[in-house]
Amino acid sequence: MTTDVINSNELHKVDPVFGQISFDGHEQVVFCNDKDTGLKAIIGIHNTVLGPALGGTRMWKYSNEWEALNDVLRLSRGMSFKSSISGLNLGGGKAVIIGDAKTEKTPELMRKFGQYVDSLSGKYITAEDVGMETKDMDTVREVTKYVTGISESKGGSGNPSPITAYGVFMGMKAAAKHKFGVDTLAGKRVLVQGIGHVGEVLVQHLTNEGAMVTISDINENRLHEVGSKYGAKIFTGNDLYSLDVDIYAPCALGATINDDTISKIQAKVIAGAANNQLANEVIHGKLLKEKGILYAPDFLINAGGVINVYSELANLTAAQVMEKTENIYNTAMDIFNLSDVQNITTHQAALNIAQKRIDDRKKELENK
């Protein structure tokens, strides 16, 4: 299994798709283009051994198409491991739409995207991600049944963000237990970077437990709104990563743990909602371990969202969804202990467990 990734500015040196390290055995990559609506999208289907590839659609104003391709490949790959380690009968997939969600997203564009999803006949099932809302999934539902996270009024599970945040909270508590000896977060200094739908709910959980929360976001209006609502301290310095805190929770975009930031990080625990937090899984995972920083693997602790939308496919009750999400705590503890026993990074320990489930299922199918 390949664990390295490649920077988007280096992609021109290799084959555009198959040559990317991020490709990592993807089963299918679909490029979607529609002149009338302006749709430019990429759907990545990484693995369908455990079931159909489920993963959200992200709309983002990427710097270039290479960056969008690299992002969708990393995200869809991560979804394979996220569903596997969570015990879900789902594969891994993801989609990105290139564009500004605030100014370029239209119902026509979303319906056209839904038609591309429908053309895959259920091999890929979409859901909400960055730049998307539940109402957008409702629009997609007008043209395809292969969508989750639709409004509760339409028979769906609604916005998955609260469940995602609760799973991150459970993973953070497990990390605190392993690192500090107790799983209460009362009195712990926690930096939450990114206070979107998930980040705000995480701030609420932390505040209710008595943590001392500092928040950071590129949207200043949002910062002051959330800061005032929960009594959180607003970060105003120049060097976010050097802040003296107990726990760092990245909840915005990925790759914030990289060559530039890793030497600055003062936190003893990293546990957040963002996908692909490690710019390089091998190098930066190892550096964190060497520094004594406990990393809660992102694709495990942010799995609450996919658990929530999976309920629409598996007919899970709300209580069952919460039970599976709470179990993130136990799985995280198992991973931390395995990392210690085998002297490997927590990320690698989580990958090994997830990959084994996929491999075992593949063998079963081959032997039938």
Side-chain angles (χ1 to χ4, degrees), residues 3-5 78 81 85 167-194 202 205-206 209-216 233 235 237-252 254-303 328-354:
T3 54
D4 291 334
V5 293
F81 301 128
I85 205 164
V168 173
F169 182 61
M170 288 291 101
M172 188 182 291
K173 286 174 73 67
K177 174 69 173 178
H178 190 80
K179 189 67 178 179
F180 306 121
V182 292
D183 65 10
T184 178
L185 299 172
K188 290 290 184 287
R189 300 164 299 165
V190 184
L191 168 63
V192 179
Q193 179 189 31
L202 179 60
H205 285 304
L206 292 169
E209 182 137 332
M212 297 182 289
V213 183
T214 300
I215 57 176
S216 170
K233 182 180 178 181
F235 176 76
N238 297 319
D239 191 353
L240 175 73
Y241 302 98
S242 296
L243 193 64
D244 186 13
V245 294
D246 300 303
I247 301 170
Y248 163 48
C251 295
T256 59
I257 303 165
N258 52 55
D259 290 339
D260 295 328
T261 64
I262 202 162
S263 62
K264 302 176 182 179
I265 296 174
Q266 301 299 308
K268 300 297 186 293
V269 167
I270 297 177
N275 288 307
N276 299 320
Q277 294 167 25
L278 305 177
N280 184 298
E281 297 170 6
V282 175
I283 294 173
H284 300 128
K286 185 177 179 181
L287 287 173
L288 288 179
K289 186 172 179 62
E290 290 174 352
K291 287 190 65 176
I293 299 173
L294 181 63
Y295 173 66
D298 48 39
F299 65 84
L300 166 65
I301 71 168
N302 68 12
I328 287 173
Y329 180 103
N330 298 321
T331 306
M333 292 299 293
D334 290 342
I335 287 168
F336 299 148
N337 292 330
L338 182 64
S339 169
D340 289 343
V341 170
Q342 297 187 355
N343 194 29
I344 57 177
T345 68
T346 54
H347 191 89
Q348 190 62 55
L351 279 178
N352 291 349
I353 293 172

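In this chain, numbering begins with 1 at the start of the sequence shown. Only a predicted model underlies this, so the values are computations on that prediction, with no experimental measurement involved.
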- Worked check of side chain to side chain contact (heavy atoms under 4.5 Å, CB included) between M172 and L206: CA-CA 10 Å; M172 188 182 291; L206 292 169; 3.6 Å; yes
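- A salt bridge does not link E209 with K188: every distance from a Lys NZ or Arg NE/NH1/NH2 to an Asp or Glu carboxylate oxygen is 4.0 Å or more.
- Looking at heavy atoms from C-beta onward, Y295 lies out of side-chain contact with S339 at the 4.5 angstrom threshold.
- Within the model, atoms CD1 of I85 and CG of D334 stand 9.5 Å from one another, a figure rounded to the nearest 0.5 Å.
- When every heavy atom of A350 is checked against every heavy atom of I335, the shortest pair comes out as CB-CD1, 3.6 Å.
- Between Q277 and P250, the shortest heavy-atom contact is OE1-CG, 3.3 Å.
- Looking only at distances, no side-chain donor or acceptor of N276 sits under 3.5 Å from a matching main-chain atom of G254.
- Here the side chains of L185 and V190 are not in contact, with every heavy-atom distance at 4.5 Å or above.
- Counted by atom type alone, Y241 and S263 present zero donor-acceptor pairs between their side chains at under 3.5 Å.
- Annotation: side chain of I344 is in contact with side chain of N352 (closest heavy-atom distance under 4.5 Å).
- Side-chain contact check for I293 versus V269: every heavy-atom pair is 4.5 Å or farther apart.
- Interatomic distance, CE of M212 versus NZ of K233, reported as 10.0 Å (0.5 Å rounding).
- No side-chain heavy atom of Q266 sits under 4.5 Å from any side-chain heavy atom of Y248.
- In this structure, the side chains of I247 and K268 stay at 4.5 Å or more apart for every pair of heavy atoms.
- Scanning both residues, C251 and G194, for their nearest heavy atoms gives CB-O, 3.4 Å.
- In this structure, F169 and I301 have side chains that are not in contact, with every pair of non-hydrogen atoms separated by 4.5 Å or more.
- The number of heavy atoms from other shown groups lying within 6.0 Å of NZ (K289) is above 12.
- Separating the CG atom in N302 from the CG atom in N275 is a distance of 5.0 Å, to the nearest 0.5 Å.
- Between D183 atom CG and K173 atom NZ the span is 4.5 Å, to the nearest 0.5 Å.
- The heavy-atom pair separating A271 from A296 by the smallest distance is CB-CB, 3.9 Å.
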- Task: Could you walk me through whether H178 and D340 pass side chain to side chain contact (heavy atoms under 4.5 Å, CB included), step by step?
- Result: CA-CA 11 Å; H178 190 80; D340 289 343; 2.8 Å; yes
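- Annotation: the span from L294 atom CG to L288 atom CG amounts to 9.5 Å, rounded to 0.5 Å.
- Shown are T261, T345, D259; of these, the side chain to side chain donor-acceptor pair (under 3.5 Å) with H284 is made only by D259.
- Ring pair F299/H347: centre-to-centre distance below 6.0 Å.
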- Could you go step by step and tell me if F235 and I215 meet the side chain to side chain contact (heavy atoms under 4.5 Å, CB included) rule? CA-CA 6 Å; F235 176 76; I215 57 176; over 6 Å; no
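- Closest of all the heavy-atom pairs between P297 and F336 is CD-CE2, 4.3 Å.
- Within the model, atoms OG1 of T331 and CG of L338 stand 12.0 Å from one another, a figure rounded to the nearest 0.5 Å.
- Inter-residue side-chain proximity for V192 and S216 is flagged as unmet; no heavy-atom pair is nearer than 4.5 Å.
- Salt bridge status for R189 with D246: present, with a side-chain N to carboxylate O gap under 4.0 Å.
- Without hydrogens or angle criteria, K291 side chain to I265 main chain gives a donor-acceptor distance under 3.5 Å.
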